[in-house]
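Heavy atoms only: backbone and side chains are in, while hydrogens, waters and symmetry mates are out. Residue numbers start from 1 in every chain, and the chains themselves are labelled A, B, ... in the order their sequence lines are given, proteins ahead of strands.
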Protein chains: 2
Amino acid sequence: MTVYDIVKSRLKEIPHNEKLLSLKYESLDYDNSENQLFLEEERRMSHMGFRCLEIRRWVICGLIGFLTGLIACLIDIAVEELAGYKYSAVKQNIEKFTEFGGLSISLILWAALNSAFVMVGAIAVAFFEPIAAGSGIPQIKCYLNGVKIPCVVRLKTLAIKVFGVICSVAGGLAVGKEGPMIHSGAVVAAGVSQGRSTSLKKDFKIFEYFRRDTEKRDFVSAGAAAGVSAAFGAPVGGVLFSLEEGASFWNQMLTWRIFFASMISTFTLNFFLSIYHGKPGELSSPGLINFGLELTLEYIPFESFLFFPYYFPGGMLGALFNVINYWLTIFRIRYIHRPCLQVMEAMLVAAVTATVAFAMIYFSNDCQPLGQDSTEEYPLQLFCADGEYNSMATAFFNTPERSVRSLFHNPPGSYNPLTLGVFTLVYFVLAVWTYGLTVSAGVFIPSLLIGAAWGRLFGILLSTITSSQSIWADPGKYALIGAAAQLGGIVRMTLSLTVIMVEATGNVTYGFPIMLVLMTAKIVGDYFIEGLYDIHIKLQSVPFLHWDAPPTSHWLTAREVMSSPVTCFNRVERVGRIVDVLSNTSTNHNGFPVVAHTTENEEPGKICGLILRSQLIVLLKHKVFVERASSRLSQRRLQLKDFRDAYPRFPPIQSIHVSQDERECMMDLNEFMNPTPYTVPQETSLPRVFKLFRALGLRHLVVVDDENRVVGLVTRKDLARYHLGKDGLEELQLAQT
Amino acid sequence: MTVYDIVKSRLKEIPHNEKLLSLKYESLDYDNSENQLFLEEERRMSHMGFRCLEIRRWVICGLIGFLTGLIACLIDIAVEELAGYKYSAVKQNIEKFTEFGGLSISLILWAALNSAFVMVGAIAVAFFEPIAAGSGIPQIKCYLNGVKIPCVVRLKTLAIKVFGVICSVAGGLAVGKEGPMIHSGAVVAAGVSQGRSTSLKKDFKIFEYFRRDTEKRDFVSAGAAAGVSAAFGAPVGGVLFSLEEGASFWNQMLTWRIFFASMISTFTLNFFLSIYHGKPGELSSPGLINFGLELTLEYIPFESFLFFPYYFPGGMLGALFNVINYWLTIFRIRYIHRPCLQVMEAMLVAAVTATVAFAMIYFSNDCQPLGQDSTEEYPLQLFCADGEYNSMATAFFNTPERSVRSLFHNPPGSYNPLTLGVFTLVYFVLAVWTYGLTVSAGVFIPSLLIGAAWGRLFGILLSTITSSQSIWADPGKYALIGAAAQLGGIVRMTLSLTVIMVEATGNVTYGFPIMLVLMTAKIVGDYFIEGLYDIHIKLQSVPFLHWDAPPTSHWLTAREVMSSPVTCFNRVERVGRIVDVLSNTSTNHNGFPVVAHTTENEEPGKICGLILRSQLIVLLKHKVFVERASSRLSQRRLQLKDFRDAYPRFPPIQSIHVSQDERECMMDLNEFMNPTPYTVPQETSLPRVFKLFRALGLRHLVVVDDENRVVGLVTRKDLARYHLGKDGLEELQLAQT
């Protein structure tokens, strides 16, 4: 606890970003604007039309799954090839110098190769698309939660992400390629479902119906699920991940489609990898990592109680990881924000990783006999006798996925306790340092690896103590449970992680101990600090909405949380006023209640509807003004298509030129506003407002008095401001960061 | 298609119950009434208080899981013992008479035993608790959907259900004991979470906070999940079942708790069964049925495309099952509604089942050698040579669970095609006839059995055609896929069923073909008729809300669907008027908007709140009148506890005596009404109203005009009325059935 206290007191001195809510994040709108245009379109559509839409949704989900699987396959093959080349080169070099001395040249070669790979990846990320850094899971969580993170689902982001992750894994960093798959799947989904790419300026003119936040979100859920599915071979886990992170409303057909996308994704990956491995049809690699079908160790659930000693270290080590990483992230935010510095830090980490690994291998003298059925890809003999290999090298001189599998599967006695202990410590430090670098990389695999190492260590110690050659003697299952504990302690996912672990294991019977481990890890970890993703979301000051309002927030009512006064428009409003309001950068509102007969500076009017900035922009762009329409008979009537074409990148108001004459025109909003926005009375308690807002995925909620007059507007930031701190309800400050 | 057309034309002549909505079903209210009392209580509660509540929720979920597991265990042991006794007796008898002739005596013994068991079960159900009939899944679906089915979660129902299911399975009917577990789990949950049993008049004075629909629903979800988990050893499947059927809002902690209950449930069952089987600690039976850990048949997913021929029969045979059962159910509703008739029909079916089974065994001459590792519990030699057994008997002379396992696991060649063909046909007829009898029984196992039989038949034929001794030769996996297809075709569940099947199999790799099979079965089946549970829900005229409003319902607005005029109360209302309104049996409203200053027959008042019948009843019972309060200073202030004590069985208005003097008193509703009910404007489209209603689990939704005056009230029946028929949107009639 002392270390923790020191770290904590130290943290207090650093300004707390996480006590702020950034104003730069906008909300997504999961409530359809049911204006006249929309209703007319829906009413025109026949039953058959809806069927066709449904079929199109299935086709899109199939495509999402297929493309996500392909991308996973591409990443896997690229990493295999590059890492294979790298390790072969270094291995030859080491073998050459082992006898004659001069291994420092090998070290330099290794470190240089690593740094080179990482440099290329880091440059791509830091200079071209910083949002592609990290695992992308916090960003996707935010997107599914309803926060618009700029550029998060663009094609460019996908390209950089895929390239970056290949570089960082091939560069030997303590990272995994699994987390980024989730982000990749989401981008694929966002792209495919819109039938166009704005980056490439290519519009296929298909799937236009789906060009709105509501529909897009559903597909992005499917994409994220397909990503999880491809990463871990866990289609059900993928669905649960999407639901756990994103869904506010469960719909049977939607879930079923998401599952379909997941299944296609893992199947595609499996199929193409089987061809790559030269055994077409033998579908044995359903995910980027799978813990191996061989993991059919005899399992006795009673032992799950003996697993108990680990439940606590999992949570505590996870919390420790998060605390250190939190500290480091604050440091990075303050001092390492220039791209060149970021690239240099990444290269430094790569070089240090190689050096440490080399030193560990060099000084370890843990030699193991090279069995016939060894799964080692690059067994390093180094100073071992012929027919033996260096066991430290199996952990370091390898891609992390392989190391995890070795820890699960290698027969008892493959590692000695000291090796594992030192490895755990070193890898822990490296992984903490690595997460948050400006490279594309996931934290799943390093977490699993740390956990598997100390888990196996524990198993070995246990079997030494009991000194029986019975079932206890197999440390592989302890490695599995340790991996689950460590990962759970870091990311704090619940049901979805349990299912992912079970699916990756391929063995249903491990469900019970894995659940217990994850549950304890979450409880213990939450006592100290939040999960890693939540920390990073908070440090970005994202207005993230949790499941419920803080329990002690019944004191607050809509009156206290709402923003007021509200800028309203009349049903028929002067163009000049609209332009002025939209151009006002100090307020930058995005939704405007439309009221009956109001003039400025008077008492508020009765609510008639709600119109969005994006809608007004389109109206201004097409100059849908009342006077003009009467003068020019050829005026094209605005259609939903015009709004869809502009979605999602509506031009800024500054780009729209409105002449002085036009400013005096009027604009009739009746047809375009949503005439039935959701409203709440002023006395509504915060939890009630929260529930309505969250369940329906709203962006704006109008607060009215008992005469139905607009008195305020509740947006995401008004709700996300309140959260439960250590000393009760706290209020975050809004800031223009 | 001809048979189908005949059946269909025949059906048209029978009056269609499913075109009605019964008025007898009330809604549950998943929206907290946030009145002053409630808000005061919530505000008084500290952060610690909420933590304690959370812990209590976990404890309750643990208890639910434990008790559900115990009940499953009890059912399993009772069925094993009784069936064991029965089959031993019959077997001895048959063996005695085989040589000398006179097997008709054996037949009579068998039929009599079966009928006796079934009679006892049917009497319990028909005379004491008719709601305990069937699998209970339609009822739980309705409960989770928000419909209050009378008596569905009472202790008495549980007792009858458990007793009934033991009798019907022991009585040899073509039924399973799995479906009823879901109902049992739900009842356990409803009981435990309330900390009392109204049937037993026992109040433990604990968990009082949870005495409202919102909280109770969450626990019932957990109970249903625990039931699935115990039935199939499928904890994740259980969670998904609950969510697929019930949840309108997904909450991470809730899901996690449900999963905890499921895990505890399967673990408890497994543990106690292992003791019963004399191998404590060897946890090999996680569910009432599991397809066996031995099912590690080598699986090649490419074969899943070869499974394709079955995808269609599954859906079609399922649809055929449903059509016949639908027809039969209508027949039963019309002609067999007296309890004695129901008991007699059940006995008849039992006797016929025994007779048919006997005849089949008798005339079959499919003898198989009795292997060393045979899993047969009661191998019948009959006319076979020594060391052989009658293979038809393995299918009939056995509990259905064992028969399913035999079909999955017995080595190739255990059955000849003719046996399987005849068995499929006969069992199909028996199962259709049986479902809907007045006995507690599930349809899962018979469906699996039918599917497994024709699946295995298909496998055998395929291997005969290809005549290879390769991997194709194992018909067990074809049986598995056939079982999935048949079950999917009947019940039409999607994701949850896939996961249940995978968990019951214990083998993750079967996920892909099972998903494809279930998907096809659903699409094909839905073309003909709905799923079995939906048919029964419709035939009960239950106002069930589906996921979305019918797609073509954008034409309708709240104005058209709402009920109006609405009976409103003033904020301070005369007791006499309240009593009169509540006593009016012709309207029987349950929710009343509270308005400011209105008198009858005038224009509607502005909405101030909403009060429920149940709240008014409690107020009347405690005589919370304004005049009285001022005269009697000792008057106890009404607390939330008073409402909770009366929950959920509020007394009828007739039981409350209000004197003539008291009728003139006034009642102040301000403190008790929900001051912030959700409202929508009249122009809101039906899909939008539907979404709000369904997402928040509302019972009453007030429709207001632009002055905030009450113009109508939307309830569940107003929304459930609209559904998509073959010829577009149809409207069901309300009826006092």
### Task
In sequence, state the C-alpha distance, the side-chain angles, and the governing distance for A:R688 and B:T676, and then conclude on side chain to side chain contact (heavy atoms under 4.5 Å, CB included).
CA-CA 9 Å; A:R688 202 172 168 80; B:T676 51; 3.2 Å; yes
Which portion of [X] sits near chain B, non-hydrogen atoms under 4.5 angstrom:
X	value
A:M45	backbone
A:F50	side chain
A:S496	neither
A:L724	side chain

### Query
Do we see a donor-acceptor contact under 3.5 Å between the side chains of B:T255 and A:E244?
no
Interface moiety of [X] toward chain A, non-hydrogen atoms closer than 4.5 Å:
X	answer
B:N32	backbone
B:Y678	both
B:M253	side chain

### Message
Contact between B:M673 and B:N35 at the side-chain level, heavy atoms closer than 4.5 Å - yes or no?
### Response
no
### Message
Is it the case that atom CZ in A:R51 sees more than 12 heavy atoms from other parts of the structure closer than 6.0 Å?
### Response
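No - once you tally the heavy atoms of other residues, nucleotides and ligands closer than 6.0 Å, there are 12 at most.
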### Criterion side chain to side chain contact (heavy atoms under 4.5 Å, CB included) on A:C608 and B:D706, from CA distance to verdict
CA-CA 8 Å; A:C608 305; B:D706 55 1; over 6 Å; no
### Task
Could you please spell out the steps behind the side chain to side chain contact (heavy atoms under 4.5 Å, CB included) verdict for A:R694 and A:W547?
CA-CA 8 Å; A:R694 185 85 164 82; A:W547 297 102; 3.6 Å; yes
